[in-house]
Amino acid sequence: MSIRVRFAPSPTGQVHIGNIRAAIFNWLFARHHGGEFLLRIEDTDRERSTAEAVQGVLDALAWLGLNYDAPPVYQTAQLPRHQEAVEQLLRAGHAYRGSKGDEGGEVTFFRMPGTDITFEDSVKGTMSKKAEDLKDFVIVRSNGTPVFHLANVVDDVTMGITHVIRGDDHVENTFRHIALFRALGVPVPAYAHLPMIVNAQGKPYSKRDGAAFVGDFRAKGFLPEALFNFLALLGWSPGGDKEIMTRREMIDLFEFKQVKSSPAQMDMRKFEWMNGEYIRLLPEEDFRRQFRQALESAGALPSGTDELYFNRVATLMHSRTRSFPESPALVAFFFREDFAWDEKVVKKRLHKPGAAALLAAMRERFSGLDCFTADPLEKALHALAADKGVEIGEIIHPVRVAVSGLGVGPGLFEMLEVLGRDRVLSRLATALALHGGNESGA
RNA sequence: GCGCCCAUCGUCUAUCGGUUAGGACACCAGGUUUUCAUCCUGGUAAGCCGGGUUCGACUCCCGGUGGGCGUGCCA
């Protein structure tokens with residue numbers, strides 16, 4: 001029998017990373033075995049389900065490249081089948097009607113078999129529950145609508161699901177679901193319950209802990225390939241030392257044997273590192289596009305900026321970008337004159353004894369250059385250092401701060417070349433005017 | 001409360017009775033004849049506690065502690 005799995009989110013909000021990781025594992029498992037990966041929208045909670053949320057699920061899957069092999073199944077459209085199943089259960093004596101609580105009306109209960117239930121979980125091992133801990137439960141509400149357990153199981157039957165891969169929070173439900181499958185007289189699927197993603201306190205990872213939804217990562221400019229890779233490795237370890245893997249490699253290696261059963265914490269620092277690895281792998285044009293997007297959304301890119309100039313800045317930044325959110329602050333000086341000054345660096349580099357004099361001399365020599373490109377600029381700087389008998393760093397650092405306001409950035413000479421003569425000379429003059437008289441410590 | 005589950009560096013993890021407990025991120029130090037980043041080299045850092053079983057336990061068993069999940073006419 002061919003393998004069929006499904007991702008079955010309820011469209012009641014944004015797609016949580018724990019959820020999407022379940023989708024990733026389902027997808028990986030299906031692709032590994034050449035099976036089918038299906039999507040089912042569990043929209044039976046009419047109160048909370050929204051069309052926007054459905055679109056959110058579709059977008060998240062598309063963004064991460066989690067393609068499904070058949071059109072999405074909407075649970076609300078399966079109502080007739082749910083009702084049929086209930087009739088069948090009623091006829092066979094597996095279900096009965098009754099009242100519960102003080103809400104009045106009549107609900108339909110599923111009658112648990114009265115025996116212990118055991119199943120093999122692909123990640124958690126043998127799971128067992130005693131009969132006395134398994135109570136009858138409602139499968140149809142007093143208003144006639146089926147409850148999750150019933151709908152979920154019946155849909156899995158109609159969709160021919162062979163393996164149910166979902167979050168750890170569903171383990172307890174599994175015993176009821178197995179009883180349901182048996183009562184319906186159909187094969188019980190195999191199960192794999194994934195550990196939860198938790199925060200530093202061991203609590204479920206939530207919005208309070210930072211980016212918690214797929215949309216958050218996307219909005220911040222993280223790459224889908226990086227998120228996919230990172231999430232796949234949260235709880236799953238193919239052994240070996242390789243962590244940056246292609247989809248093909250992940251598909252080939254994926255097995256539940258290597259999925260851990262303990263919860264994992266999302267380490268944003270490691271994720272940013274991985275994102276940086278993927279950024280470096282990006283084709284230049286792709287990098288430019290996303291780089292531009294990051295700057296534009298942060299309002300750091302003035303309209304009318306020269307295309308070529310922008311491209312040169314992008315090239316300079318490609319190899320040193322770990323995540324797009326950090327970009328605006330690092331390159332603002334390329335695009336505007338009122339960039340921020342890092343006061344600590346200003347103090348350290350510009351207020352240093354002798355810095356102003358060197359800066360002034362450097363400006364003088366730069367202004368005399370015929371060709372304002374990296375090579376001549378570098379030669380001029382080395383020459384000045386030699387003439388003054390100072391380390392080149394004594395000049396490099398003040399120049400960098402003077403033109404960028406920062407202590408870090410691309411290689412200085414390439415950076416000066418891209419900035420161009422006008423910006424460089426005027427900024428050096430400005431820096432001298434602002435800080436030239438501030439030398440301290442001597 | 002009851003039921004189920006989980007427990008290796010700060011984090012993600014390898015280990016499947018015998019290892020100097022390995023790797024990755026982060027961090028620290030040095031190098032790559034300018035910073036930062038990249039890259040290279042080196043370093044700090046771990047088996048929750050207590051009992052067993054065994055010649056020998058991170059690994060198996062029991063208990064404790066801590067944490068998670070479940071206990072809906074939500075999904």
Side-chain angles (χ1 to χ4, degrees), chain A residues 8-13 19 42-45 47-49 75 99-101 103-109 121 123-125 127-130 132-135 137-149 151-152 166-176 193 195-198 200-204 230 233-244 257-258 260-274 276-277 280 316-322 330 345 349 378 381-382 385 391-397 399-401 404 406-413 415:
Chain A
S10 51
T12 54
N19 249 190
E42 302 209 330
D43 54 356
T44 43
D45 185 344
E47 302 290 301
R48 299 189 297 150
S49 295
Q75 194 158 61
S99 57
K100 186 187 182 189
E103 293 181 41
E106 200 173 49
V107 295
T108 305
F109 288 92
D121 190 289
V123 349
K124 305 175 85 72
M127 301 292 289
S128 190
K129 201 88 170 176
K130 291 195 184 65
E132 67 222 58
D133 293 321
L134 297 166
K135 298 194 177 61
F137 59 95
V138 174
I139 51 176
V140 180
R141 301 186 185 88
S142 53
N143 68 6
T145 59
V147 155
F148 162 73
H149 303 294
N152 186 272
R166 70 224 311 192
D168 230 355
D169 49 338
H170 280 294
V171 280
E172 303 289 330
N173 294 333
T174 305
F175 298 100
R176 304 190 215 197
H193 286 95
M196 312 295 280
I197 294 179
V198 300
Q201 288 70 40
K203 308 284 184 192
F230 188 79
L233 254 27
L234 217 51
W236 170 55
S237 170
D241 288 348
K242 198 164 183 196
E243 302 215 44
I244 303 290
K257 286 190 195 73
Q258 298 153 315
K260 282 205 20 157
S261 53
S262 53
Q265 205 176 305
M266 173 102 191
D267 183 354
M268 281 305 291
R269 288 176 306 182
K270 182 163 184 174
F271 174 60
E272 288 192 5
W273 159 75
M274 188 172 277
E277 294 291 309
R280 252 162 259 131
L316 242 34
M317 298 307 292
H318 192 165
S319 70
R320 64 190 65 238
T321 300
R322 284 167 70 89
L330 294 175
V345 181
R349 305 298 190 189
E378 180 165 8
L381 191 141
H382 276 88
E391 295 288 328
I392 51 175
E394 295 295 307
I395 306 174
I396 284 176
H397 298 304
V399 171
R400 175 184 294 283
V401 190
S404 73
L406 301 172
V408 302
L412 182 70
F413 306 107
M415 186 171 113

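Quick caveat, the model's predicted, so the values are computed rather than measured. In what follows, every chain begins at residue 1, and chains take the letters A, B, ... in the order their sequences are listed.
The CZ atom of A:Arg166 sits 13 Å away from the C1' atom of B:rC69 (whole-angstrom rounding). Rounded to an integer number of Å, the gap from A:Phe271 CZ to B:rA24 C1' is 16 Å. The CD1-P distance, from A:Ile396 to B:rU33, rounds to 13 Å in whole Å. Atom-to-atom, CZ of A:Arg269 to P of B:rG10 comes out at 12 Å; the value is rounded to the nearest Å. The CG atom of A:Asp267 sits 9 Å away from the P atom of B:rU11 (whole-angstrom rounding). Taking atom CD on A:Gln265 and atom P on B:rG68, their separation rounds to 13 Å, with Å as the unit. If you take CZ of A:Arg176 and C1' of B:rA75, they are 12 Å apart, rounded to a whole angstrom. Note: CD (A:Glu243) to C1' (B:rU13) measures 8 Å, nearest angstrom.
Interface remark: the A:Lys270 side chain does not form any donor-acceptor pair with the B:rA26 base, using a distance-only criterion of under 3.5 Å. In terms of polar N and O atoms assigned as donor or acceptor, the side chain of A:Arg320 comes within less than 3.5 Å of the base of B:rC36 in a complementary pairing. Below the 3.5 angstrom threshold, one finds no donor paired with an acceptor across the side chain of A:Asp241 and the base of B:rA14.
Judged by distance alone, the side chains of A:Thr145 and A:Arg141 do bring a donor and an acceptor atom under 3.5 Å apart.
Minimum atom distance to the side chain of A:Asp169 is reached by B:rC69, of the listed B:rG67, B:rA75, B:rC69. Picking from B:rA75, B:rU38, B:rU34 the nucleotide with the shortest atom distance to the side chain of A:Arg400 gives B:rU34.
Rounded to a whole angstrom, the distance from the P atom of B:rA21 to that of B:rG64 is 31 Å. Taking atom P on both nucleotides, B:rC39 is separated from B:rA45 by 25 Å, rounded to a whole Å. Between B:rG18 and B:rU11, the two P atoms lie 26 Å apart (nearest whole Å). A distance of about 25 Å separates the P atoms of B:rU13 and B:rC4, rounded to the whole Å. Rounded to a whole angstrom, the distance from the C1' atom of B:rU15 to that of B:rU59 is 8 Å. The gap from the C1' atom of B:rG47 to that of B:rA7 amounts to 10 Å, rounded to the nearest Å. Comparing the C1' positions of B:rG10 and B:rA46 gives a spacing of 10 Å, expressed to the nearest Å. Using C1' as the reference atom, B:rC58 and B:rA14 are 12 Å apart when rounded to the nearest Å.
Using a 4.0 Å heavy-atom distance criterion, A:Gly239 is classed as making no nucleic acid contact. Using a 4.0 Å heavy-atom distance criterion, A:Asn173 is classed as a base contact. Within the nucleic acid shown, A:Pro9 has no heavy atom closer than 4.0 Å to any nucleic acid atom. Residue contacts for A:Gly276: at a heavy-atom cut-off of 4.0 Å it reaches no nucleic acid atom on any strand shown. At a threshold of 4.0 angstrom between heavy atoms, the contacts of A:Arg48 include nucleobase atoms, whether or not backbone atoms are also involved. Counting non-hydrogen atoms under 4.0 angstrom, A:Gly407 reaches a base of the nucleic acid. Residue A:Phe413 is classed as a base contact, given a heavy-atom separation below 4.0 Å to a base. Base contact: A:His170 has a heavy atom under 4.0 Å from a base atom. Residue A:Ile392 is classed as a sugar-phosphate contact, given heavy-atom separations below 4.0 Å to backbone atoms only.
Residues A:Pro238 and A:Leu233 form a side-chain contact, since some pair of their non-hydrogen atoms from C-beta on lies under 4.5 Å apart. The side-chain heavy atoms of A:Ile244 and A:Trp273, taken from C-beta on, include a pair separated by under 4.5 Å. Residues A:Met196 and A:Pro204 are not in side-chain contact: their nearest non-hydrogen atoms beyond the backbone lie 4.5 Å or more apart. Looking at heavy atoms from C-beta onward, A:Thr174 lies out of side-chain contact with A:Met127 at the 4.5 angstrom threshold.
For the atom pair CZ (A:Arg176) and NZ (A:Lys129), the distance works out to 9.0 Å, reported to the nearest 0.5 Å. Summarising the geometry, atom CD belonging to A:Glu272 is positioned 10.5 Å from atom CZ belonging to A:Phe230; distances are rounded to the nearest 0.5 Å. Note: A:Thr12 OG1 to A:Asp45 CG = 7.0 Å, rounded to the nearest 0.5 Å. Considering CD of A:Glu106 and CG of A:Asn143, their distance stands at 13.0 Å, rounded to 0.5 Å.
Base pairing analysis places B:rU19 opposite nothing; no Watson-Crick or G-U wobble pair with both distances below 3.5 Å involves it. The partner of B:rA45 cannot be assigned: no Watson-Crick or G-U wobble pair with both contacts below 3.5 Å exists in any strand. Base pairing analysis places B:rC36 opposite nothing; no Watson-Crick or G-U wobble pair with both distances below 3.5 Å involves it. B:rC60 is paired with B:rG52 under the criterion used here, namely a Watson-Crick or G-U wobble arrangement in which both key atom distances are under 3.5 Å. Within the shown strands, B:rG68 is the pairing partner of B:rC4 under the Watson-Crick or G-U definition, both distances less than 3.5 Å.
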Letter by letter from the 5' end, nucleotides 2-9 of chain B scores (B base, S sugar-phosphate only, - none; protein heavy atoms under 4.0 Å) -BBSSS--
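Side chain of A:Asp121 to main chain of A:His193: a donor-acceptor pair is present (N/O by atom type, distance under 3.5 Å, no hydrogens or angles).
Between A:Trp273 and A:Ala264, the residue anchored nearer the 5' end of RNA chain B, judged by the nucleotide with its closest heavy atom, is A:Ala264.
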